[in-house]
Amino acid sequence: MRRIPGAAAAIGAVLILCTSVQASVRAPGAAVATRSADIPSEQLLERRLNRAARMTVRSRARVHRLRLKAVKRRPPAPVAPVPAPVVGLTAPRRSIPLGSSVVLKHLRDDAAYEAALSREFVQLTPENELKMNRVQPEQGRFEFAEVDALVDYASTRGKTVRGHTLIFGKETPAWVGRILLAGDVEAALRAHVRAVMSRYKGRIREWDVVNEALETNGTFRHNAWFDKLGERYVEIAFAEARATDPGARLFYNEFNAETNNFKRASELNLVRKLRAKGLLDGVGLQLHTAINGYPTRSELEETMRLFADAGLEVQVTEMDVIAKGDAAPGSLTARLDLQASVFKGAADACQAVAACTRFTVWGVTDRYSWMGAEEIPLLLDGSYTAKPALAAVRAALSA
Ligand code: G3I
């Protein structure tokens, strides 16, 4: 028999086998269909199988075995269609949405916070409410009330929500570490991803599926997932996420990988593999930085283009810029101006790279920054007054 490569070989082999089955079990007088060049081979196979299936019980059993063989020989179906890559490196100027992390408690307790959030930002990222230790503090006990409230708030205000984050080693509840068997850890990981994503299907369309899996030196961080499953926990999480909500955009989110360093190299390696398997759509550059040591616009552009070249969307996901007095010398005015230029550099880089689609800061106001209000790292000060950085970012992100 002539060798036919790949899938064609499988179909061809089954056709030949079917023909011989048909010949040996054909009822006397039954007409044999002539193969027409117009009939696709799959249809022809189906037609022959159907005819054979109408024959004796014995031949049916044989056909069944052939069907099984055909299924086994079929190449595995892709997990999900790979979304089209973001094409084109030269970005036409466009309006890039500005987002912020949000804390439900402040939204409820502080009217000025709610007003500023509503006025300045079009996309919200729950700062902690979606983390696994909050959503599933005990195995099988899900606490969705806070996330529900945030998602409802966003929808009444016409804002989108970024899902941060499904699997984050540092914020994994203690019970995961007490599971003994790797198979049970994998089941718990899959169950968590499935439960959370399916609840918000259609309402949260972008997810940080895995957050901060890598060390500064590029190796994988130890955590409850890695220690039992090894590196593959990352792929398991993405595969489960893709299967749960094929319409969602899936991101890997990392910090301090915005410049040319070991972590960036390792991240590129990781995300290229995930992308090749159709499991990843984009990367998040967190961009927690400071006025006395920050990635320049050209460094950021280079990094964004590297990820874009890998076929990925890029988002700035958590930017803040420490500008307190001991971060750098100078008057408050000078430090805030420098802070504005650091934010502007990042926003300009995003504007310059077509694959960069969102720009999110890690907090509405200095007052509640995770680093402490004294670091003054955000776009609005502690009294909700706009700092120079807000106008700089707005201008850079606008069309
Ligand atoms: O919820 C408790 C509260 O009940 C208690 O009164 C209070 C007392 O300190 O602690 C509260 O929990 C803290 C929580 O923030 C809310 O304020 C946790 O101890 C604290 O660890 C947690 O920190 C968060 C941190 O992630 C850890 O998950 C920060 O708010 C949050 O801004 C930060 O965000 C991360 C991103 O998820 C990933 N990238 C880095 C970024 C900054 O670290």
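Order of appearance sets the numbers: ligands from 1, and atoms from 1 within every ligand. Residue numbers count from 1 along this sequence.
Proximity of atom 6 (O) of ligand 1 to the protein is not indicated, since no non-hydrogen protein atom lies closer than 4.0 angstrom. Counting protein heavy atoms under 4.0 angstrom from atom 16 (C) of ligand 1 gives one or more. Within a 4.0 Å radius of atom 29 (C) of ligand 1, the protein has at least one heavy atom. For atom 19 (O) of ligand 1, the protein comes within 4.0 Å by no heavy atom at all. Within a 4.0 Å radius of atom 9 (O) of ligand 1, the protein contributes no non-hydrogen atoms. Inside a 4.0 Å radius of atom 13 (C) of ligand 1 there is not any protein heavy atom.
Of the listed residues (Leu300, Thr259, Thr289), just one forms a side chain to side chain contact (heavy atoms under 4.5 Å, CB included) with Tyr294, and that residue is Thr289.
Ranking the protein heavy atoms by distance from atom 43 (O) of ligand 1 puts Trp370 CZ3, 3.2 Å first. Looking at atom 1 (O) of ligand 1, its nearest protein heavy atom turns out to be Arg134 NH1, 4.2 Å. Counting protein heavy atoms only, atom 41 (C) of ligand 1 is closest to Glu318 OE1, 3.3 Å. From the protein, the heavy atom lying nearest to atom 34 (O) of ligand 1 is Trp362 NE1, 3.1 Å. Of the protein's non-hydrogen atoms, His164 NE2, 3.4 Å is the one closest to atom 36 (C) of ligand 1. Protein heavy atom closest to atom 38 (C) of ligand 1, with residue, atom name and distance, is Glu212 OE2, 3.0 Å.
Side-chain contact annotation: Glu258 with Gln286, donor-acceptor N/O pair under 3.5 Å absent. For the residue pair Asp245 / Trp207, no side-chain donor-acceptor distance below 3.5 Å is found, with atom types taken as modelled. There is no side-chain donor-acceptor pair under 3.5 Å between Glu186 and Tyr233.
Closest heavy-atom approach to atom 26 (O) of ligand 1 among the candidates Glu127, Glu129, Lys131, Glu171: Lys131.
When all heavy atoms of Ile376 and Ala323 are compared, the pair lying nearest together is CD1-O, 3.5 Å.
Only the side chain of Asn128 comes within contact range of ligand 1, with a heavy atom under 4.0 Å; no backbone atom does. Contacts with ligand 1 closer than 4.0 Å are made by no heavy atom of Phe255, backbone or side chain. Looking at Thr165 against ligand 1, nothing comes within 4.0 Å, counting heavy atoms.
The environment of Phe262 atom CZ is sparse: at most 12 non-hydrogen atoms of other residues, nucleotides or ligands sit within 6.0 angstrom.
Here the side chains of Gln136 and Glu143 are not in contact, with every heavy-atom distance at 4.5 Å or above. Between Phe307 and Glu313 there is no side-chain heavy-atom pair separated by less than 4.5 Å.
Atoms of ligand 1 lying under 4.0 Å from any heavy atom of Asn211, numbered from 1 in the order shown and given with element: 38 (C).
One finds no salt bridge joining Arg367 and Asp381 here, because no Lys/Arg side-chain nitrogen approaches an Asp/Glu carboxylate oxygen to under 4.0 Å. A salt bridge is defined here as a Lys NZ or Arg NE, NH1 or NH2 lying under 4.0 Å from an Asp or Glu carboxylate O, and Glu375 with Lys324 meets this definition.
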Kindly determine whether His192 and Trp225 satisfy ring pair (Phe, Tyr, Trp, His ring centres under 6.0 Å), including the steps that lead there. CA-CA 12 Å; His192 181 75; Trp225 308 112; 7.8 Å; no
